[in-house]
Amino acid sequence: MRRSSLVSLVAVGLVACQDPAASSATDNASSSEMSETTGPMEPVPTTSSSGSSGSTGAQDGCPEGCAMDEACVGGSCEAVGRADIEAGCHPLGDPAGRGQCVYPWPSNFYTTPSGDSPTGLAVALPAALLPKNTQQAEFPADEFVNGKPGFTPNAQLRFASARPIDGASLPPLTDIGSSLADDAPIVLLEVGSGERWPYFAEVDATAVAGEPQTIFVRPMRQPRAGERYVVAVRGLRDKNGEEIPASPLFRALRDALTTDVPQLEAERERYDEIFAALAAAGIDRGSLQLAWDFTTNTQADLQRDFTAIMPQVVASAEAGDLGYSIAEVSEFPGTEVPLVVRGTFTVPSCLGGDSGPGTVFARDPEGLPDCSNTATANFWIAVPQAIYEAKTPAPVAVYGHGLLGSGSEAESVAKKNGSLIMAGTDFWGMSEDDIAAVLGMLGGNFVGGRTLGERLVQSTVNFTTLAYLAQGELAQEPALQGLIDPSTVYYVGGSQGGIMGATVTAMAPNLRRGVLVVGASNYSLMVWRSTAFEQVNSVWAATQPSTQNREFLFALYQAVFDVADPVTYRSVIEEAGDALLLIESIGDAQVANIASEAMARSYGMRMAGPSVYPVWGIEDAPPGFTGSALLQVDTKKGPLPPVENLPAGGDNGAHGAAVDDPAVQGILGAFLLEGVVSNSCDGVCDPG
């Protein structure tokens, strides 16, 4: 083949690597057709035993030679998408329709050996292989994922198929236990322990006809940090009932066939370990259609910034000399919230510059957050009628608001629970002031995206400071004199505040109990099922038109969210002996029930029964239980959201009604004030 033809072929392959809607290198597409969301990139140099790769000359076992995009596999020429592979794409991707270039994902194929890493590996994901936006901006892989000892343990595992999969045989979200069956079509295996891991699997409901189809494997308990996992696929069939064949290069690994593909041959030793682990688990090697491995990031790396921040902040907050200023005292005797105090307070700031939207952590020479700066945050303190009129000291609950809201929501929350004074502040990173920065980040293909995760962590610093202030100087403020009981302070959060509540509780030593109303963990799991994300998603589509690209980029971005994600701090909560009450609203269209239940399962929570329905892996709490628990509330709002990875057609109201029932408020109050999980509803918690 002439050199000009080779260049054209590689160019087409590069498009396929970057955009699932683009043609594969094996398609009869014109080399001039470039995706509107991606651009050209340089191929990754490779070598083979014959001194070149992609040769059309005679090869061992293939005397007639193979075409440029084929490989010699066990003596036969097979279409493998060689141009894609030489550009750096995963060699085990479906050659007829790779989907994203780096599928299956996450994979240890995109790691390098590292003697300094506790796992022995460092992630090395080439940014040029990832989807670009319409301005050709690359995803900042070096900043977000590369160099880490493993991939996010919150990963949404996936692979792609050119042939539409019959999803009926996949373990569904309604039957998580079936994922552990002996004959389950997908096995998620922790190599070190040999333990099978629970998941559900689904075919991407957003797939466009004629494009590669993504199959998601979603762990329903967070994989352990710093561990190696294997994903094995077997027995999948297409819509016509025909078994999906293994790709030529996976078949070469499985059946010990020789190839002339150096990128695959470099995987042999690792795959010997993979096949051995699967054999030990009773998985027949010959039945496999695909298998790959990945390693999760370590707990030390995930908590690295938090571990550096917490002692700095606690020392400053406990000293009690940061200060505050009252801006307004509003009294409305006879109303549900007769006293509201609004002001600002000084917080230790771990952010650089003015600590405003778009800023990231200031770091010391060792790269750890430096919290010697200070900043000013807003607060709202709302005193409910019963406390105001009784003039009897009552405890304070710091309150975390919903998505892109503000701490002023504390006023409305104080109306629902009359036994607690509510003190609210803003969730920096996801407050009203951050909207422009969030949209700008998405429009720029996540460039500057560290600000969201790091400002969210800074917001937990702010809540910690407010909690100490409520037990100290604010209790002596003339406007609040005699109303605050400084002996105890709690956390209550709803929606975004429910999601972030465990992280706040972990950061603040004086917050020993927290109520997480419609909380959950793992943004990369929940946002695509959320009506709350729809508007942001539609704006993002202007610069990243492909839905598949957006979903995958957000999955990669989970590595940034990990620093704030509540499941990251499970060990901190457990070691401190703190307790959480997670309230789930059945049919929630904004925070998916599966994300709430996955968090509860990862935390080892008990069910504050009776439950609305059995939740796999969660046992009922015994009488007098004082640990962390899940409470299901059925508001009877409908219709229920789709089962697929799609948002509901509109918000059904279940999200905002979770604690409207006075009985639920009573459960919430008893948990905070007495520390006991006791479901006092008449049966299942519902309006009836």
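Keep in mind that this is a model prediction, so the values were computed, not measured.
In this view, Glu644 and Ala205, Pro642, Leu646 satisfy the side-chain contact (heavy atoms from CB on, under 4.5 Å) rule, not counting sequence neighbours. With sequence neighbours excluded, the residues satisfying side chain to side chain donor-acceptor pair (under 3.5 Å) with Asn645 are Asp204. Contacts of Asp661 classified as salt bridge (Lys or Arg N to Asp or Glu O under 4.0 Å), with partners at least two apart in sequence or in another chain: none. Pro614 is linked by a side-chain contact (heavy atoms from CB on, under 4.5 Å) to nothing, counting only residues two or more places apart in sequence or in another chain. Take Glu477 and apply the side chain to side chain donor-acceptor pair (under 3.5 Å) test, not counting sequence neighbours, and it matches Tyr324. The side chain to side chain donor-acceptor pair (under 3.5 Å) check on Glu389 picks up Gln385, with sequence neighbours excluded. With sequence neighbours left out, the side-chain contact (heavy atoms from CB on, under 4.5 Å) criterion links Ser349 to Leu351, Ser355, Asn373, Ala375, Gln458.
Asp565 contributes a side-chain N or O that, together with a main-chain N or O of Asn522, makes up a donor-acceptor pair within less than 3.5 Å. Judged purely by atom type and a 3.5 angstrom limit, Arg455 has no side-chain atom pairing as donor or acceptor with the backbone of Phe427. Side-chain atoms of Arg601 come within 3.5 Å of backbone N or O of Trp616 as a donor-acceptor pair. Judged by distance alone, the side chain of Thr307 and the main-chain N or O of Gln303 form a donor-acceptor pair under 3.5 Å. Of the possible donor and acceptor atoms, none in the side chain of Glu575 sits under 3.5 Å from a partner among the backbone N and O of Ile573. The backbone N or O of Ala576 lies less than 3.5 Å from a partner atom in the side chain of Arg512, making a donor-acceptor pair. Remark: the backbone N or O of Leu580 is paired with a side-chain donor or acceptor of Ser628 at under 3.5 angstrom. With hydrogens and angles disregarded, a donor-acceptor distance shorter than 3.5 Å links the side chain of Ser585 to the backbone of Ala654. At least one donor-acceptor pair under 3.5 Å links the side chain of Glu409 to the backbone N or O of Gly402. Although no hydrogens or angles enter the test, the distance criterion places no donor-acceptor pair under 3.5 Å between the side chain of Tyr199 and the main chain of Leu180.
For the pair Leu483 and Leu339, the minimum side-chain heavy-atom distance is below 4.5 Å. Looking only at side-chain heavy atoms (C-beta outward), Glu195 and Arg224 come within less than 4.5 Å of each other. Pro647 places none of its side-chain heavy atoms less than 4.5 Å from the side chain of Phe533. In this structure the side chain of Met310 reaches within 4.5 angstrom of the side chain of Pro509, judged on heavy atoms. Annotation: side chain of Pro348 is in contact with side chain of Leu322 (closest heavy-atom distance under 4.5 Å). For the pair Ser325/Thr376, no side-chain contact is recorded, criterion being any heavy-atom separation below 4.5 Å from C-beta on. Side-chain contact between Val457 and Phe361 is present, with at least one heavy-atom pair separated by less than 4.5 Å. Counting heavy atoms from C-beta outward, Asn593 and Gln632 have side chains that stay 4.5 Å or more apart.
Nearest heavy atom pair, residue Gly358 against residue Ala437, reads N-CB, 4.3 Å. The two residues Thr464 and Thr460 make their nearest non-hydrogen contact at OG1-O, 2.8 Å. The two residues Tyr603 and Glu574 make their nearest non-hydrogen contact at O-OE2, 3.8 Å. Across all their heavy atoms, Ala608 and Leu631 have their closest contact at O-CD1, 3.7 Å. Taking each heavy atom of Lys637 and Asn652 in turn, the nearest pair found is CB-O, 3.4 Å. The minimum heavy-atom distance between Leu582 and Ser596, with the atom names listed, is CD2-O, 3.4 Å.
Residue-environment remark: CD (Gln535) stays at or below the threshold of 12 foreign heavy atoms within 6.0 Å. The local environment of CD in Glu619 is sparse, with at most 12 non-hydrogen atoms from other residues, nucleotides or ligands closer than 6.0 Å.
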* To do: Go through Thr505 and Asp578 one step at a time and tell me if the side chain to side chain donor-acceptor pair (under 3.5 Å) criterion holds.
  => CA-CA 8 Å; Thr505 304; Asp578 296 343; over 6 Å; no
* To do: Please lay out, stage by stage, how Leu456 and Met500 fare under the test side chain to side chain contact (heavy atoms under 4.5 Å, CB included).
  => CA-CA 8 Å; Leu456 278 174; Met500 285 295 299; 4.2 Å; yes
* **Derivation of the side chain to side chain contact (heavy atoms under 4.5 Å, CB included) call for Phe306 and Thr568** => CA-CA 10 Å; Phe306 179 96; Thr568 297; over 6 Å; no
* To do: Please lay out, stage by stage, how Ile309 and Met507 fare under the test side chain to side chain contact (heavy atoms under 4.5 Å, CB included).
  => CA-CA 9 Å; Ile309 288 170; Met507 178 67 77; 3.8 Å; yes
* Residue pair Asp434, Ser431: steps toward the side chain to side chain donor-acceptor pair (under 3.5 Å) verdict -> CA-CA 5 Å; Asp434 292 285; Ser431 68; 2.9 Å; yes
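The CG atom of Leu403 sits 8.5 Å away from atom CD1 of Ile435, with the distance rounded to the nearest 0.5 Å. To the nearest 0.5 Å, the span separating CD1 on Ile176 from CE on Met220 amounts to 5.5 Å. With rounding to the nearest 0.5 Å, the separation of CZ in Arg513 from OG1 in Thr626 is 9.0 Å. Note that CG of Leu404 is 7.5 Å distant from CE of Met430, once rounded to the nearest 0.5 Å. Note that CG of Leu668 and OG of Ser419 are 8.0 Å apart. Values are rounded to the nearest 0.5 Å. Ile594 CD1 to Leu525 CG: the interatomic distance, rounded to the nearest 0.5 Å, is 4.5 Å.
Pairs engaging residues 412-433 under the salt bridge (Lys or Arg N to Asp or Glu O under 4.0 Å) rule: Lys416-Asp660 [sequence neighbours left out]. Annotation: side-chain hydrogen bond (donor to acceptor under 3.5 Å, both in side chains) contacts involving residues 663-684, sequence neighbours excluded, comprise Asn417-Gln665. Note on residues 489-504: pairs passing side-chain hydrogen bond (donor to acceptor under 3.5 Å, both in side chains), not counting sequence neighbours, are Ser495-His655, Gln496-Tyr523. Counting only residues at least two apart or in different chains, side-chain hydrogen bond (donor to acceptor under 3.5 Å, both in side chains) contacts with residues 391-406 comprise Ser406-Ser408. Residue pairs meeting the disulfide bond (SG atoms under 2.5 Å apart) criterion with at least one member in residues 647-688, sequence neighbours excluded, are Cys681-Cys685.
No side-chain N or O of Asn462 forms a donor-acceptor pair with one of Thr425 less than 3.5 Å apart.
Between Phe554 and Trp540, the angle of the ring planes lies from 30° to 60°, which puts this pair in the tilted group.
Salt-bridge formation is detected for the pair Arg529/Glu202: a Lys NZ or Arg NE/NH1/NH2 atom is positioned less than 4.0 Å from an Asp or Glu carboxylate oxygen.
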